[in-house]
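Encoded as structure tokens, the structure appears first; notes follow it.
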Amino acid sequence: MTRSVIDPITRIEGHLRVEMEVDNGVVQDAWVSGGCFRGMELVVQDRTPEDAAQIVERICGVCPVSHAHASSIAGDKAYGITISNNARIVRNLLEGAQFLHSHILWLYNLAALDYVNPLNALNANVDEAYAVALENGLALHSDLNQLYDKLGAFAANGQLSIFSGNWFGADGGEAYKLTPELDLILTSHYLEALKMQARASEMAALLGGKMPHVMTSIPGGNMWVPTESKLDDLLAMATEVRDWVNDTVLADTVALAGPYAEALTFGKGCGRYIAWGVFEGNGWPYGDDYIEQMKNRYLPMGVLNENFDVSDVEESKIQEYMGHSWYQGDDTYTSPYFTTDPAYTDYNVDDRYTWVKCPTYDGKPMEAGSMSRIFAAYVRGVPFIKENVDAVLAILGAKPGDLSAFQSTLGRTAIRQIETMYVADLMVEWVNELAEAIKGGDSEYFRVPERITGEGSGFWEAPRGALYHSEKVVDGKIEGYQIIIPSTWNLAPINSAGEHGPLEQALIGVPVADIEMPINALRTVHSFDPCTACAVHVTDRATGKSFETVTSPWGVK
């Protein structure tokens with residue numbers, strides 16, 4: 001029996017342990033354990049919905065805007081408020097800026113180093129790299145000669161910083177398959193992405209007062225009032241990011257498809273998908289019909305089964321099971337419910353092994369995330385999504401409409417870039433739409449509550465997937481709160497029927513050639529972009545070899 005523990009896996013957010021059992025070079029079983037209890041539902045108890053919208057942002061510094069908006073929507077519903085059209089546009093802009101920041105950061109600065117080896121770029125012929133970029137339609141925004149020299153000085157210095165500690169030597173040095181020229185080109189984009197994700201975050205700060213943890217979105221609308229100079233700044237930044245995104249992200253991902261075609265054959269997951277929808281549509285406000293509101297979002301709501309048949313969300317079908325999580329009892333609660341009773345025991349994959357609750361929809365595990373949103377938008381007929389999904393399917397050699405071609409580790413990684421381009425285009429469109437509304441005399445951004453007692457649920461999306469906040473308000477104070485974040489869906493433990501969660505299912509069947517550096521498992525975990533920092537624990541049934549490595553702020557083994 002071989003055990004491998006890596007604690008933590010870098011380039012990911014939070015605390016996560018993934019334990020896998022491997023036989024004959026293939027993962028046979030897997031358990032995902034979230035190692036952090038937050039309990040934000042308890043923190044907002046007896047506070048106002050306005051307070052909650054600010055507090056729950058602290059769940060995450062990467063996607064605070066989404067939590068503010070989901071909480072604000074829940075507050076809108078509890079208070080009986082329909083926000084104004086201008087507030088709709090401003091919320092879309094703020095959310096879109098965060099989406100762009102998160103997507104760019106994830107692709108280049110978190111996931112890319114599973115495929116790109118910047119140190120191998122030192123073996124490149126720079127003239128050939130320019131030729132490769134032109135031949136493959138890859139963006140050239142940087143001086144590759146200058147970058148080559150900087151990388152050389154960086155490597156000679158011996159302080160590799162962000163490029164150290166990665167698994168570039170996995171599979172006997174065969175795990176990284178790009179040519180030195182492609183590594184040089186994509187390393188240039190890695191460095192450009194640092195600027196672009198910061199520019200996107202700068203947009204969020206302009207709209208939110210600061211970033212992370214914006215201050216302007218609250219139940220009733222938004223407190224940001226645009227000026228001519230702020231709109232000019234916003235339009236310039238949105239245009240800059242859009243142009244870079246459209247030049248770069250999809251072409252780069254397609255460039256990985258050839259060398260890493262194997263990653264299109266594993267990592268499917270549960271094959272069922274949820275998306276609550278995000279970015280309110282321009283037919284606002286759709287009366288009081290919440291379902292129509294979600295279906296008319298720019299990325300619409302949809303629940304998809306194994307055959308990609310789409311249905312509308314039913315809140316009563318959302319449940320959370322506690323039997324394998326560190327909470328009291330082994331009950332299954334139906335949303336909205338307001339029970340959070342932590343009860344840590346010990347780590348035991350045969351019993352309780354995670355702080356992550358186990359959400360299901362209609363009793364089944366469901367994958368959340370960008371791929372789920374794209375699938376829902378495709379089936380709902382969003383023109384931009386259909387056109388670009390079919391274009392990528394053609395590149396992959398699949399038939400138009402064959403969404404199953406994306407059900408893999410690399411497919412999940414690639415399809416997200418279509419969303420990045422869509423949001424980047426919409427950002428410029430929304431700035432112009434807001435300017436036109438202001439020119440027409442619309443100056444309403446906030447509306448006061450109709451009542452101070454009520455209940456409301458905020459169905460929304462974070463960059464990582466379906467986000468749900470629900471609250472009960474009595475005389476202006478919260479008497480119950482529930483949150484289901486995207487990674488809760490994806491990192492769910494085994495449910496009451498004995499089914500693994502989406503990431504656990506995606507890991508089963510993944511090839512592991514190097515037990516000490518299970519790079520394909522790492523690629524699969526990163527494809528979900530879980531909001532955690534990771535440890536991976538691998539068991540090989542066939543051998544008795546033991547390997548353990550721990551790298552953390554608390555010590556090194």
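- Each of V56, I484, I73 was scored for a side chain to side chain contact (heavy atoms under 4.5 Å, CB included) with H469, with one residue passing: V56.
- In this structure, the side chains of V379 and L403 come closer than 4.5 Å at one or more pairs of heavy atoms.
- Remark: side-chain polar atoms of E41 are not paired, donor with acceptor, to backbone N or O of Y481 under 3.5 angstrom.
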Stepwise side-chain contact (heavy atoms from CB on, under 4.5 Å) check, E461 with L299: CA-CA 9 Å; E461 295 277 323; L299 286 164; over 6 Å; no
Worked check of side-chain contact (heavy atoms from CB on, under 4.5 Å) between L100 and R242: CA-CA 9 Å; L100 291 175; R242 179 202 61 187; over 6 Å; no
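- The closest donor-acceptor contact from the side chain of K386 to the backbone of V389 lies at 3.5 Å or more, if one exists at all.
- Side-chain N or O atoms of N136 include none that pairs as donor or acceptor with a backbone N or O of L138 at under 3.5 Å.
- Checked by atom type and distance alone, the side chain of N305 pairs as donor or acceptor with a backbone atom of N307 at under 3.5 Å.
- Taking NE2 of H69 as the reference point, atom CZ of F279 lies at 10.0 Å (rounded to 0.5 Å).
- At least one side-chain heavy atom of E315 sits less than 4.5 Å from a side-chain heavy atom of Y468.
- The pair K177-D183 does not count as a salt bridge, with every side-chain nitrogen at least 4.0 angstrom from each carboxylate oxygen.
- Partners of Y290 according to the ring pair (Phe, Tyr, Trp, His ring centres under 6.0 Å) rule, which considers only residues two or more places apart in sequence or in another chain, are F459.
- Residues H500 and L507 form no side-chain contact, since every pair of their non-hydrogen atoms from C-beta on lies 4.5 Å or further apart.
- Legend: salt bridge (Lys or Arg N to Asp or Glu O under 4.0 Å) pairs involving residues 403-416, not counting sequence neighbours, sorted by first then second residue: E367-R412, R416-D529.
- Listed by first and then second residue, the salt bridge (Lys or Arg N to Asp or Glu O under 4.0 Å) pairs involving residues 273-282 are E280-R297 (not counting sequence neighbours).
- Here A405 pairs with L393, A398, D402 under the side-chain contact (heavy atoms from CB on, under 4.5 Å) rule; sequence neighbours left out.
- Annotation: side chain of T334 is not in contact with side chain of I318 (no heavy-atom distance under 4.5 Å).
- Checked against ring pair (Phe, Tyr, Trp, His ring centres under 6.0 Å), Y273 has the following partners two or more places apart in sequence or in another chain: F375.
- For Y286, there are no ring pair (Phe, Tyr, Trp, His ring centres under 6.0 Å) partners two or more places apart in sequence or in a different chain.
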Show your working on side-chain contact (heavy atoms from CB on, under 4.5 Å) between C63 and Q98 and close with a plain yes or no. CA-CA 7 Å; C63 52; Q98 180 199 249; 3.7 Å; yes
Run the side-chain hydrogen bond (donor to acceptor under 3.5 Å, both in side chains) test on E192 and S142 for me, step by step, so that the C-alpha distance in whole Å, both residues' side-chain angles and the decisive distance to 0.1 Å come before the verdict. CA-CA 8 Å; E192 292 165 10; S142 300; 2.4 Å; yes
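- Taken to the nearest 0.5 Å, the OG atom of S102 stands 11.0 Å off from the CG atom of L107.
- Between Y108 and L186, the closest side-chain pair of non-hydrogen atoms is not below 4.5 Å.
- Looking only at side-chain heavy atoms (C-beta outward), P463 and H103 come within less than 4.5 Å of each other.
- T413 and S527 share no side-chain donor-acceptor pair at under 3.5 Å.
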Apply side-chain contact (heavy atoms from CB on, under 4.5 Å) to residues L94 and S217 and explain how you reach the verdict. CA-CA 9 Å; L94 184 51; S217 286; 3.5 Å; yes
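- The number of heavy-atom neighbours closer than 6.0 Å to NZ of K399, taken from other residues, nucleotides and ligands shown, is 12 or below.
- Of the possible polar contacts, one joining the T216 side chain to the L207 backbone as a donor-acceptor pair under 3.5 Å is found.
- Checked by atom type and distance alone, the side chain of Y378 pairs as donor or acceptor with a backbone atom of G401 at under 3.5 Å.
- Side chains of L178 and L256 form a contact here, defined as non-hydrogen atoms less than 4.5 Å apart.
- Side chain of E57 to main chain of V214: a donor-acceptor pair is present (N/O by atom type, distance under 3.5 Å, no hydrogens or angles).
- Legend: residues meeting salt bridge (Lys or Arg N to Asp or Glu O under 4.0 Å) with K295, ordered by chain and number and at least two apart, are E292, D312.
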Donor-acceptor pairs are to be reported for all side-chain atoms of residues 193-203 against protein atoms at under 3.5 Å, with residues two or more places apart or in another chain.
| unit_1 | atom_1 | unit_2 | atom_2 | d |
| --- | --- | --- | --- | --- |
| Q197 | OE1 | H101 | NE2 | 3.1 |
| Q197 | NE2 | L194 | O | 3.1 |
| R199 | NE | E240 | OE1 | 2.7 |
| R199 | NH1 | E202 | OE1 | 2.8 |

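- Among residues two or more places apart in sequence or in another chain, the ring pair (Phe, Tyr, Trp, His ring centres under 6.0 Å) test is passed with F168 by Y176.
- With respect to L467, the side chain to side chain contact (heavy atoms under 4.5 Å, CB included) criterion is satisfied by exactly one of I485, T488, I59: I485.
- Using cut-offs of 30° and 60° for the angle between ring planes, the W276 and W489 rings count as perpendicular.
- Qualifying salt bridge (Lys or Arg N to Asp or Glu O under 4.0 Å) partners for E314, counting only residues two or more places apart in sequence or in other chains: K317.
- Interatomic distance, CG of D114 versus CZ of R523, reported as 6.5 Å (0.5 Å rounding).
- Between the R272 side chain and the P365 main chain, a donor and an acceptor come within less than 3.5 Å of each other.
- For W460, the side-chain hydrogen bond (donor to acceptor under 3.5 Å, both in side chains) criterion is met by E95, not counting sequence neighbours.
- A ring pair (Phe, Tyr, Trp, His ring centres under 6.0 Å) with Y298 holds for exactly one of F99, W284, W430, F384; it is W430.
- Partner H141 forms a side chain to side chain contact (heavy atoms under 4.5 Å, CB included) with one of T248, D243, L191 and no other, that one being T248.
- With hydrogens and angles left out, the side-chain atoms of D171 and N520 include no donor and acceptor closer than 3.5 Å.
- Ring-plane geometry between Y337 and Y333 is classed as parallel, the angle between the planes falling under 30 degrees on a 0 to 90 degree scale with a further cut at 60.
- With E504 contributing its side chain and V32 its backbone, the two residues share a donor-acceptor pair below 3.5 Å.
- The closest side-chain heavy-atom distance from V392 to I418 is below 4.5 Å.
- Remark: Q505 CD to N490 CG distance equals 11.5 Å, nearest 0.5 Å.
- Applying the salt bridge (Lys or Arg N to Asp or Glu O under 4.0 Å) criterion to E419, with sequence neighbours excluded, gives R373.
- S335 and Q319 share no donor-acceptor pair across their side chains, judged by distance under 3.5 Å alone.
- When atom types are taken as modelled, the side chain of S457 and the backbone of A74 share no donor-acceptor pair closer than 3.5 angstrom.
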